[in-house]
Structure formats: C-alpha cells, structure tokens
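Heads up, the thing below is written out as structure tokens.
We number each residue from 1, following the sequence as shown. All values reported here derive from a predicted model rather than from experimental measurement.
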Amino acid sequence: MQRVKRRLAAIMCADVAQYSKLMEQDEDGTLDRLKAYRSVMSSLTARHNGRIVNTWGDAVIIEFTSVTEAVQCAVDIQNELSLKNAELPDANRMEFRIGINLGDIMVEGEDIYGDGVNVAARLQEIAPRGGIMLSQSVYDQVKAKMALGFDPLGPQHVKNVSDPVETYAVRLGGRNEPQFTKPDPEKQNSSKGQKTHPDWDKDTQAVANGFEQARRWLRAQPRRIRSSVFMIGFFFVLNLLTSGLSTLWFVWPSLPFAMMIVWHFVVGRRGKSLAKSSGQGD
C-alpha cells in the first residue's frame with residue numbers, strides 16, 4: 001500500500017458572496033465577470049508563486065509554499081477586485097470572501113486534502129464580503145513580517161472542526177490601525193497634572209474620520225471621477241494661492257468636471273433603479 005504524501009502548506013479558499021443571487025439576476029453577465037475576476041486572481045497567484053489546485057462553481061482553492069506570499073496575494077486580489085467593483089452598480093458587484101490557513105495537507109496527484117484545507121474553507125465561509133480571514137497559525141507567521149493591521153475576532157466554531165478556531169481579520173483599504181484602541185495607562189499617568197482639551201480632541205478625531213471616509217469614497221470611484229475631483233481641487237488650490245478667497249474664479253474651469261461627476265451619479269442611480277425594477281419584474 002502506497003503511503004500518502006504529506007506536506008505543510010498555506011491554503012487559500014475563496015468564493016463569491018451571494019453568487020446564486022447574482023446568477024439569478026444576470027447569468028451571462030455574472031459568468032463573464034467571474035471569468036474576468038478569475039483571470040485577475042490567476043495572474044496574481046502566479047506572481048506570488050502560488051498554485052491553483054481546484055475550481056468549481058464560484059469557488060477556488062490555491063496552495064502556497066509561503067504564508068507571507070499567500071496573505072499578500074489575498075490582499076492584492078481584494079484590492080484589485082474592489083477597484084473593478086467600483087465601476088459597477090451595486091447590484092452587479094462581485095465580492096469574494098477569502099480564508100487562509102497554514103496546516104498539514106495530504107497530496108494525491110494534483111489534489112490536496114485534510115484538515116489544513118478544511119479549516120481554510122470554513123474560514124472563507126465566515127469571512128466578510130470583500131474580506132480576508134486568517135487562522136492563528138497564519139497570523140503567528142505574518143504578524144511581525146507584514147505592514148498590515150489585524151483584528152482578532154476570537155475563537156469561532158466552524159463546521160466539521162471539533163475545536164474552536166482562533167480567527168483574525170485583515171484590515172484592508174490602507175487601514176493598519178484598529179478603529180477603537182484601549183487607553184494606554186502609561187500615557188494616562190504621564191498626562192496627570194496637564195490640562196487637556198477634550199473638545200479639541202473630538203474635533204480633531206471628527207476631521208480625521210471625515211478625511212478617511214472621503215479617501216475611501218474617492219478610491220471606490222471610477223478613474224474619470226477621481227480625475228475630475230483632482231482637477232477641481234487643483235483649481236481651488238490655485239485660486240487660494242493667486243487670489244485668496246476674495247475672488248472665487250476656480251468655479252468656471254471646474255464646471256465641466258463638476259458636470260461629469262453629477263452626470264455619473266445621475267446615470268448610476270438610474271441604472272440601480274432599472275436593475276431593481278427588472279429584478280422585481282422577473
């Protein structure tokens with residue numbers, strides 16, 4: 001009897017969120033987008049020295065010899081696909097959930113089996129739309145090696161796994177710091193006796209949050225909209241440098257770009273309403 005081959009590998013599992021709903025709304029368009037998105041994933045997998053093991057339906061299993069390459073590939077995939085989704089109406093966006101696990105796997109020909117694969121698949125199922133979920137073994141390997149932020153989500157009970165799985169979500173969109181941080185006792189002690197200005201802190205935090213939301217919104221827009229916003233900002237800064245606020249002449253050269261932005265959102269809303277009405281008609 002031939003002994004089963006085993007090896008340690010980083011396994012990535014990915015599938016499309018609400019794939020059945022997308023197929024019900026538009027089979028041909030959904031299939032075309034799936035092929036295009038898989039082409040992006042295949043290219044990034046090759047770039048990070050991964051191997052696509054299997055694909056069925058909307059799911060894909062990828063094997064990596066490096067944990068760091070696996071996580072970086074997942075981040076690149078989600079960032080690239082988010083840019084493609086930004087150009088589509090909400091009803092047509094195709095978002096992947098990704099789970100990554102490092103574990104011992106069984107190898108039979110080109111296929112792989114075992115708990116290492118099973119845990120990755122279960123992590124993918126509980127990952128958020130457009131997000132990445134890591135196991136403890138993956139987190140331990142990459143936490144000090146990659147310039148990424150991670151949110152610990154605690155032990156999760158997943159199907160067909162007896163013990164709870166410690167999980168970590170990768171922060172995407174350039175957000176490396178947690179949204180909420182615990183106060184540092186040392187900083188609190190050192191600040192005793194000094195006057196603080198809570199109103200200033202609140203205002204500063206509000207401004208920072210506003211800039212962050214604006215940055216995320218702008219990044220999610222098509223390239224032509226980002227270019228239009230940039231040109232309007234350029235004319236405004238030039239106005240401040242040359243005339244201050246006494247004469248607001250930047251409005252006139254900015255008008256074509258503003259009209260382009262308005263037109264984009266008007267057409268987008270009509271597209272959404274037509275998609276909803278056609279879905280109800282079906």
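- Here CZ of Arg47 is found 10.5 Å from CD of Gln72. Values are rounded to the nearest 0.5 Å.
- Under the 4.5 Å side-chain contact rule for hydrophobic residues, Val67 and Leu8 share a cluster.
- Taking every heavy atom of both residues into account, Leu34 and Val16 meet most closely at CD1-CG2, 4.0 Å.
- Note on Arg7 versus Glu63: salt bridge recorded, some NZ/NE/NH1/NH2 to OD/OE distance being below 4.0 Å.
- Of the N and O atoms on the side chains of His48 and Asp76, at least one donor lies less than 3.5 Å from an acceptor on the other residue.
- Judged as a ring pair (Phe, Tyr, Trp, His ring centres under 6.0 Å), and not counting sequence neighbours, Phe64 has no contacts.
- Distance alone, capped at 3.5 Å, is enough to place a donor-acceptor pair between the Arg122 side chain and the Lys159 backbone.
- Panel note: side chain Asn101, backbone Gly116; a donor-acceptor pair is recorded below 3.5 Å.
- Formation of a donor-acceptor pair under 3.5 Å by the Ser228 side chain with backbone atoms of Met260 is not found in this model.
- Closest non-hydrogen pair, Asn239 versus Thr247, comes out as ND2-O, 2.8 Å.
- At a threshold of 4.5 Å between non-hydrogen side-chain atoms, the residues Val75 and Gln78 do not count as touching.
- For Phe236 and Phe250, the ring centers sit closer than 6.0 Å to each other.
- Of the possible polar contacts, one joining the Arg33 side chain to the Asn92 backbone as a donor-acceptor pair under 3.5 Å is found.
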Report the C-alpha distance between Ile98 and Gln124 in whole Å, list the side-chain angles of each, state the deciding distance to 0.1 Å, and finish with yes or no for side-chain contact (heavy atoms from CB on, under 4.5 Å).
-> CA-CA 5 Å; Ile98 295 179; Gln124 162 261 305; over 6 Å; no
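- Contacts of Tyr113 classified as ring pair (Phe, Tyr, Trp, His ring centres under 6.0 Å), with partners at least two apart in sequence or in another chain: none.
- In this structure Arg129 satisfies the side chain to side chain contact (heavy atoms under 4.5 Å, CB included) test together with Ala17, Gln18, Glu95, sequence neighbours excluded.
- Evaluated for a side chain to side chain contact (heavy atoms under 4.5 Å, CB included) with Ser42, the options Ile52, Ile62, Val60, Thr55 yield exactly one hit, Ile52.
- Side chains of Ile132 and Leu172 form a contact here, defined as non-hydrogen atoms less than 4.5 Å apart.
- Side-chain atoms of Thr45 come within 3.5 Å of backbone N or O of Met41 as a donor-acceptor pair.
- You'll find the side chain of Leu81 stays beyond 4.5 Å of the side chain of Met94, heavy atoms only.
- Between the CG atom in Leu102 and the CD atom in Gln136 there is a gap of 11.5 Å [rounded to 0.5 Å].
- Side-chain contact between Leu148 and Val142 is absent, with no heavy-atom pair separated by less than 4.5 Å.
- Between the side chain of Asp58 and the backbone N or O of Asp15, no donor-acceptor pair lies under 3.5 Å.
- Using a cut-off of 4.0 Å between Lys/Arg side-chain N and Asp/Glu carboxylate O, Glu108 and Lys5 are scored as not salt-bridged.
- Remark: Phe96 CZ to Met12 CE distance equals 11.5 Å, nearest 0.5 Å.
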For side-chain contact (heavy atoms from CB on, under 4.5 Å), just list the numbers for Ile100 and Ile11, CA-CA rounded to whole Å, side-chain angles, deciding distance to a tenth of an Å, and then say yes or no.
-> CA-CA 6 Å; Ile100 305 177; Ile11 306 300; over 6 Å; no
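- Tyr37 and Glu80 share no side-chain donor-acceptor pair at under 3.5 Å.
- Pro155 and Pro164 get closest at one heavy-atom pair: CB-CB, 3.7 Å.
- Under the 3.5 Å distance criterion, the side-chain polar atoms of Asp115 are left unmatched by any main-chain donor or acceptor of Asn118.
- Hydrophobic clustering places Phe234 together with Val229 (ILVMFWY residues linked when any side-chain heavy atoms are closer than 4.5 Å, directly or through intermediates).
- When atom types are taken as modelled, the side chain of Arg51 and the backbone of Glu110 share a donor-acceptor pair closer than 3.5 angstrom.
- Between Tyr139 and Phe150, the two ring planes are perpendicular [angle over 60°; tilted spans 30° to 60°].
- Side chain of Glu27 to backbone of Glu24: no donor-acceptor contact under 3.5 angstrom is found.
- Inter-residue side-chain proximity for Leu153 and Met133 is flagged as met; some heavy-atom pair is nearer than 4.5 Å.
- Rounding to the nearest 0.5 angstrom, the gap separating the CZ atom in Phe235 from the CH2 atom in Trp252 is 14.0 Å.
- Met231 and Val251 fall within a single hydrophobic cluster, where Ile, Leu, Val, Met, Phe, Trp and Tyr side chains are chained together by heavy-atom contacts under 4.5 Å.
- With a 6.0 Å radius and a threshold of 12 heavy atoms from other residues, nucleotides or ligands, Trp56 has its CH2 atom above the threshold.
- Looking at heavy atoms from C-beta onward, Tyr19 lies in side-chain contact with Met23 at the 4.5 angstrom threshold.
- For the pair Ile126/Thr167, a side-chain contact is recorded, criterion being any heavy-atom separation below 4.5 Å from C-beta on.
- Using modelled atom types, one side-chain atom of Thr30 and one backbone atom of Leu22 make a donor-acceptor pair closer than 3.5 Å.
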Intermediate values then yes/no, side-chain contact (heavy atoms from CB on, under 4.5 Å), Ile225 and Phe230 | CA-CA 9 Å; Ile225 299 303; Phe230 172 80; over 6 Å; no
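- Put simply, CD1 on Ile232 and OG on Ser254 are 5.5 Å apart, with the number rounded to the nearest 0.5 Å.
- A heavy-atom distance below 4.5 Å is not found between the side chains of Lys84 and Leu88.
- Heavy-atom minimum distance, Ala10 versus Ser66: CB-O, 4.2 Å.
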For the pair Ile105 and Arg6, evaluate side-chain contact (heavy atoms from CB on, under 4.5 Å) and give the outcome as yes or no after the intermediate values.
-> CA-CA 6 Å; Ile105 60 173; Arg6 292 180 175 271; over 6 Å; no
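- Phe257 and Val237 are members of different hydrophobic clusters when ILVMFWY side chains are connected at heavy-atom separations under 4.5 Å.
- Within the model, atoms CG of Asp90 and CZ of Arg93 stand 4.5 Å from one another, a figure rounded to the nearest 0.5 Å.
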